[in-house]
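Here is the structure we will look at, set down as structure tokens.
Reckoned from all heavy atoms, side chains included, excluding hydrogens, waters and symmetry mates. Model, not experiment: these values are computed from the prediction. Lettering follows sequence order; numbering is per chain, from 1.
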4 protein chains.
Amino acid sequence: MILHLKETTDYDKAQSIAKEINAFLIKSSGRYALVTGSGMKNVPDQVESFVDEYWVFDNDIQLASRKYRSDKRTVAIGNTTIGGSTKNTILIGGPCSVESEEQIRESSNLLVSMGLTTLRGGCYKPRTSPYSFQGLGLEGLQLLAKMRDEFGLNVITEARDATHIHEVIEYSDVIQVGAKAMYDQGILRACAKTQKPVLIKRGFGTTLKEFVQAAEFVLSGGNENVILCERGLRTFETNTRFTLDLCGVAWLQEHTNLPIILDPSHAMGYSFGVPVLAKACVAMGIDGLLIEAHPNPAVAKSDAAQQLNHEEFKELLTALKPVAESVGFKMI
Amino acid sequence: MILHLKETTDYDKAQSIAKEINAFLIKSSGRYALVTGSGMKNVPDQVESFVDEYWVFDNDIQLASRKYRSDKRTVAIGNTTIGGSTKNTILIGGPCSVESEEQIRESSNLLVSMGLTTLRGGCYKPRTSPYSFQGLGLEGLQLLAKMRDEFGLNVITEARDATHIHEVIEYSDVIQVGAKAMYDQGILRACAKTQKPVLIKRGFGTTLKEFVQAAEFVLSGGNENVILCERGLRTFETNTRFTLDLCGVAWLQEHTNLPIILDPSHAMGYSFGVPVLAKACVAMGIDGLLIEAHPNPAVAKSDAAQQLNHEEFKELLTALKPVAESVGFKMI
Amino acid sequence: MILHLKETTDYDKAQSIAKEINAFLIKSSGRYALVTGSGMKNVPDQVESFVDEYWVFDNDIQLASRKYRSDKRTVAIGNTTIGGSTKNTILIGGPCSVESEEQIRESSNLLVSMGLTTLRGGCYKPRTSPYSFQGLGLEGLQLLAKMRDEFGLNVITEARDATHIHEVIEYSDVIQVGAKAMYDQGILRACAKTQKPVLIKRGFGTTLKEFVQAAEFVLSGGNENVILCERGLRTFETNTRFTLDLCGVAWLQEHTNLPIILDPSHAMGYSFGVPVLAKACVAMGIDGLLIEAHPNPAVAKSDAAQQLNHEEFKELLTALKPVAESVGFKMI
Amino acid sequence: MILHLKETTDYDKAQSIAKEINAFLIKSSGRYALVTGSGMKNVPDQVESFVDEYWVFDNDIQLASRKYRSDKRTVAIGNTTIGGSTKNTILIGGPCSVESEEQIRESSNLLVSMGLTTLRGGCYKPRTSPYSFQGLGLEGLQLLAKMRDEFGLNVITEARDATHIHEVIEYSDVIQVGAKAMYDQGILRACAKTQKPVLIKRGFGTTLKEFVQAAEFVLSGGNENVILCERGLRTFETNTRFTLDLCGVAWLQEHTNLPIILDPSHAMGYSFGVPVLAKACVAMGIDGLLIEAHPNPAVAKSDAAQQLNHEEFKELLTALKPVAESVGFKMI
């Protein structure tokens, strides 16, 4: 249940009610709001006189639900805004991993030359083998920050686990919660305490309900700037790396109020399919795309097969523009 | 291995070689061709002097492979053609099941009024319960034939099993092999003996390789008019009926030479997601869409939740036209 | 709904009622019974005076449900009986495919020497590629029949599609409906018209509900001798061929009244895991095991990797006997 | 590649070589060993004179592989030992969550009365909704420690994320890495620095290879006491909570040298199936079982449906003993 308290209710009162009914206390639409589990169906007696409006839910998708907010939320990434009624589809590009200053500067140059604003690059790679390249860590974060300073780009990078989430929050403009880390409450709860945008990737074995509930961890903790990112399910089909769940995206668009960014690179796993999948994504009227591009994919230290080269990345944007326009959106 | 025989080779000779090396004998590109398992890597001695050209393969995707034919095949559905370099995306509509003459006439009127050419409607429904509506059977086929005669429409309908495949072949313009029947060799071998187009739906538990190998049954039996249809995998996600595998479609476009039609209605299972998914499909530059539409979905005898009403179906075509154009295709 | 008619009701009356309420008419427990869809919750007025007892269901698992019959059904395979309170676990062995008279005679000799009664062997192989060995067909059926005559064995073999189901019914003692054919109503309806036991394998993409509903096709058509066979689901895990669903088996044991035979050979796909999986199966108190064994697996024309050799098959039985005893069962 | 250094090699030398070839340095079988990625196929020149023995691998399953150690490792849990040639199957029981001192004392009493040694109980619950009961946290850990002191039990509990892994390591005898946390390198790397046993649960969307590679994180970091725990995959089947992958267990037994404990409670999700599944598990000759049991499952704060009551738990052990014996094992 979500309860909007009357505007006259002050913080101390709001907090004492929250404690009494074991609810999360947040600010929403400029006033205090309480959020309890969806098992609560009636306004508790002791709260009744303070409540302005309330919403009852069938399940624990509450703050993210269209039943609560029928319009899509906006999220600002630096100076650009997605979601809401902006009809913007942001193209975020960059390499799988930050590998060197030279490499990430090439990527930055590419984005700027194309008029794009946001750079991706992994520093803490969630590799499944201890014997693989694990990312540059803090050194990578510092390189990303340098690019931001030099090029005026926004940067997005991933936290692998809770031990370095504070560094990631400090150095990035958008915090990425990766597919393997999206149940990590150490990460989610830290993301709830900042106001920076948080992009949560759906786990490859994660249901839509669990996915949106991960967003509820951040929303109920007080950060409204949450973006959902679908990047493919693990299915029996192994000719592609994962199976991008666009049925699920249609469901999310209908039932949730959060902006959606799609990642066809990880879903496909092979560069040949990325452009055509990206077109499919954009035609759905989504809020953004996350695409891996590397100055020289053949020598990439991770995900070599799925990264576009810079020429392909430029052609991609050219190809996507008319698709976005055909559904009333604009590539930014 | 595929071996093109020299043009001078006559039928009797071709047939005797085929028998000797245990190969399928077909006509391809106007000459005799032999097809053996992909285990054969060298041209057998006794055949060598008759062979013009040959192709070796890693696996049993052979006739359907881009390695054999680098261009996409064309398939004619009545007077319209898809595939090849036509850049046509055909919109096939109609109800899940043929329920009555009145109902199917309404559907036919709708299609004709929209300038569409091809009507779908199930007569032998592959229901999983014996206690559900099983379709009108032969009576349904006759109604479809009547609509063809009255309206000049092409009709597509499904064979549930081999006991009625010959009726389906007789009455329909495109034979649909359903997702649950696509391993049925009784059906596939019968489809190989006709020249009518065959649309094979991918089973919801079927790998891409098995899917294309089902097409190989028809192609190697002598019918070149095969269309592939992706309609969703069965995954752990149950908020949507199935998971449409567009990564798989990207793979099929890259590796096979067959036209591809997509069925977002069955994948989604709910009408709210069908239009947005249909846009995603069309943006991939596919050869067609199969959409369920019913004059009154609420009373449909099967798949009520996923069928569009006629107003929604008309809006769909309007919305799809610019998307098709944005990728250089045309809705027909 | 299942309705038992009063014993005084004669066939003509029963049939006319069945027609009136659109129900299946069968004999069950020595009297006429009507079966309608589970949507029917109340006894129709015109039937009321003829009804002795009736059962209402939540879904279309009706005749197979423990709610209808709380005890497990028995099925006779030749002179041996499984299910009910027999506490028998039958071990059915033999090659994947019948390949030659010599091979299948070796298999028969092995079974007889071990005191086993039932021989498996495929004649119509549901291969996914047209270029693979497709089985000996009718010639294979005749070889199986010869073994039955010579050795007194019962034989079980599979129908691939409806075009040869009548031959399979004629030549076999147990009709196997394979995983890829279990939605095939041409096969299921033919099996309903015989009284021979029918073993239905669960499709690798098939839910438990759909699986049991396939049994309902046979049961509602008048054949009570149905056995369920779990043989593995297709999942994302590819180090084994399939994933044997023993959670599903526990569910079937709790909710259905049908005997259950398990097939660890196909699930595992590699002979190394078959014995240990077979022990797991037997410890569940199941009614039988289907194990592939070949005189010389290395040269088998299909499924070479997963077939045990004859020495391993003999050791398997020795190892399984104490496991069966530990749960109060007996290997037969 | 794993390289055993000559016994004469001292620590400083070993470490300098490790640095030079970018390898993990551990003690194994009483001597220094280096572990590099499996991409390394030849002993580097500069190391050659120090190497005693080495192993080359196809993939990054190295320290856990039977190719490296053909015998199964032993792990001590308090005074009891599993794995190796002990033929012990340990039964670990207790509630899903530690809820109160009274509840966990009842559980402890039960275990002691049955002669069991190891108590499970969650303190940091990895719930997917922020609005559910999240566990007692540190208070729960302290209750577990109290039970250890009072009853002489070993306790096993789960780390949800890296923010509290050090408390979990401090308070527990066996550290459980849960299914949702098993990619968490913050947890895995911390577990590598202790010598306490670590039980790693397989994620429900995790391949066997990734699962064993999680163990490699701990093994290559210097902790040899790793136990694998299979607890079910997420598949399309929803009548049971997950699908226990016993084919995968057979694969692990064949290919890895680590003890294996199975968790049928989470796989099944319903108490009715737990005993019969537990028998299946034990018949495979596994090293342990993790079973949820609660004094009063109906009021449990998490996983109410799948917990056995204490009577059922006692009957379970009685039923499992003969099954274990039938395969040469002993329940402890």
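- Side-chain N/O atoms of C:Glu216 and C:Gln62 include no donor and acceptor closer than 3.5 Å.
- Residues C:Asp161 and B:Arg189 are not paired through a salt bridge, judged by the lack of any N-O separation under 4.0 Å between the basic side chain and the carboxylate.
- Heavy atoms closer than 4.5 Å to chain B are found in the side chain of C:Phe24, but not in its backbone.
- Of the listed residues (B:Tyr183, B:Phe211, B:Tyr124), the one with the most heavy-atom contacts under 4.5 Å to chain C is B:Tyr183.
- In this structure, the portions of C:Phe217 lying under 4.5 Å from any heavy atom of chain B include both its backbone and its side chain.
- Among the candidates B:Gln134, B:Gln185, B:Met182, the residue making the largest number of heavy-atom pairs closer than 4.5 Å to chain C is B:Gln185.
- If you run ring pair (Phe, Tyr, Trp, His ring centres under 6.0 Å) between C:His4 and each of C:Tyr68, C:Tyr32, C:Tyr54, only C:Tyr68 comes through.
- Counting heavy-atom pairs closer than 4.5 Å to chain C, the top residue among B:Ser132, B:Gly203, B:Ser220, B:Ala190 is B:Ser220.
- Using a 4.5 Å cut-off between heavy atoms, B:Thr207 contacts chain C through both its backbone and its side chain.
- A salt bridge does not link C:Lys180 with B:Glu210: none of the charged nitrogens is closer than 4.0 Å to a carboxylate oxygen.
- Note on C:Arg127, C:His164, C:Lys209: by heavy-atom pairs under 4.5 Å with chain B, the leading option is C:Arg127.
- For C:Thr36, the part lying under 4.5 angstrom from a heavy atom of chain B is the backbone only.
- A donor-acceptor distance shorter than 3.5 angstrom exists from the side chain of B:Ser129 to the backbone of B:Tyr131, with no hydrogens or angles considered.
- Note: C:Phe57 CZ to C:Ser65 OG = 5.0 Å, rounded to the nearest 0.5 Å.
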